[in-house]
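Quick notes on the structure that follows.
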Amino acid sequence: MAKTIGILTGGGDCPGLNAVIRAVVRRADANGWDAVAVREGWRGLVEGIFEDLGPREVSGILPRGGTIIGTSRTNPFKLEGGPEKVLQNFRDRELDALVAIGGEDTLGVAARLYEEHQLPVVGVPKTIDNDLNGTDYTFGFDTAVTIATEAIDRLHTTAESHNRVMVVEVMGRHAGWIAVMSGIAGGADVILIPEQKTTVEAACEELRKRHARGKSFSIVVVSEGYELTYESGESQRVAGEARATDQFGHVVLGGVGEALGREIEAHTGFETRVTVLGHVQRGGSPTPRDRVLATRFGLKAADLALAGEFGQMAALRGDDIVAVSLAEATAELKLVTSEWYDVAKAFFG
Ligand code: F6P
């Protein structure tokens, strides 16, 4: 009887998920394995929701955003008997291996299921936030940075026409990678990220210096996880309205852009407008770079699963796709280094 590989996508969706699914299915099929979609992340294994996946089902999905097999932020370890249900449904569906495509949360669950219950699982690093350890880049990030950069380019022309300060709030949760990369690429005048305690006063001073040099407009990129920080030493995290947490304990972020815009206007007197890019950064078709990266990750993950090398994650090191342990990948977040922030800072003001 043919062996079967399960595939699930968990956490926030991102462009490139379908490219991974296609690659896993095609490589499995070429080796005589069947593939099965586990619907909506870990929820599909807790509740036993499966769907057959073959070359026909994955045909034409390479450029498509989102995930054709659905996703959720379900955490089996937060549910009564969750891990046991996962294992039972895995056995009942007669799966031989599982490819889990996700970020720190989804892969954190995979790491625990492997360590504590010997679930035969391999991981693929997905997130627009690029904050997974053990890999130079995650797929989805390049697309998000491309979208944010295009937005910054567009805001430049309207900022200049109206002599305004434009604040752009981007995603990234606790990592400022999207802000730093899109800010550098888009020529931002100030970039504020969670990892760096740049104060509101210092940011305003950069804008004043720039305007004193004769510039009449500015672009400020702020990462959603940046805490408004003041010279007095006070700081304030601005979270979303509901301040809700998901099953992984994350507060819904968002809103710092508006708060920062008000502060800039109050401190400098420069007319300020705010744009929150939000989920636009996660939608739509992946860039060619993300399609290629996702495809290479998918092939590697399938190869690891076929070879029985579980507890591993496909990763990018330099230009090579390698395997790293899920434990290493989920041990800590990969945050923006001061070297990268220095590149951005060279163009402040
Ligand atoms: O982790 C990806 C991400 O887009 C973060 O950048 C953001 O904070 C979060 O997900 C938003 O989550 P949701 O789609 O559940 O609002």
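The structure presented is a predicted model; accordingly, all values stated were derived computationally and were not measured.
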Atom [atom1] of [X]: over 12 foreign heavy atoms under 6.0 Å:
{"X": "Lys215", "atom1": "NZ", "result": "no"}
{"X": "Glu201", "atom1": "CD", "result": "yes"}
{"X": "Tyr230", "atom1": "OH", "result": "yes"}
{"X": "Glu116", "atom1": "CD", "result": "yes"}
{"X": "Arg317", "atom1": "CZ", "result": "yes"}
{"X": "Arg56", "atom1": "CZ", "result": "no"}
{"X": "Arg208", "atom1": "CZ", "result": "yes"}

Problem - Glu309 vs Val122 side-chain heavy atoms within contact, under 4.5 Å - result: no
Exercise for the section: Starting at CD1 of Ile68, measure out to CG of Leu53 and round the result to the nearest 0.5 Å. Expected result: 5.5 Å
Problem - Atom pair OG1 (Thr138) and CG (Asp129), whose distance is rounded to the nearest 0.5 Å - result: 7.5 Å
Handout entry: Derivation of the side-chain hydrogen bond (donor to acceptor under 3.5 Å, both in side chains) call for Arg291 and Ser285
Key = CA-CA 9 Å; Arg291 293 181 200 189; Ser285 193; 3.0 Å; yes
Exercise for the section: Check whether the side chains of Arg164 and Thr158 place a donor and an acceptor atom closer than 3.5 Å, and report yes or no. Expected result: no
Practice task
Could you check Asp319 against Arg296 for side-chain contact (heavy atoms from CB on, under 4.5 Å), going step by step and ending with a plain yes or no?
Solution key: CA-CA 11 Å; Asp319 209 20; Arg296 294 177 77 201; 4.0 Å; yes
Quick check against the 3.5 Å criterion: does [X] have a side-chain atom that pairs as donor or acceptor with the backbone of [Y]?
{"X": "Asn130", "Y": "Phe141", "value": "no"}
{"X": "Glu224", "Y": "Arg173", "value": "yes"}
{"X": "Glu115", "Y": "Arg112", "value": "no"}
{"X": "Asp29", "Y": "Val25", "value": "no"}
{"X": "Glu195", "Y": "Gly176", "value": "yes"}
{"X": "Glu265", "Y": "Thr272", "value": "yes"}
{"X": "Asp189", "Y": "Val220", "value": "no"}
{"X": "Asp246", "Y": "Phe248", "value": "yes"}
{"X": "Arg73", "Y": "Asp105", "value": "no"}
{"X": "Thr74", "Y": "Trp42", "value": "no"}

Problem - side-chain contact (heavy atoms from CB on, under 4.5 Å) against Ala294, all qualifying residues, sequence neighbours excluded - result: Ala19, Val20, Phe139
Exercise for the section: Please determine if Lys209 and Glu205 form a salt bridge, counting it only when a charged side-chain N lies under 4.0 Å from a carboxylate O. Expected result: no
Handout entry: Salt-bridge contact Arg93-Asp52 (side-chain N to carboxylate O under 4.0 Å)
Key = yes
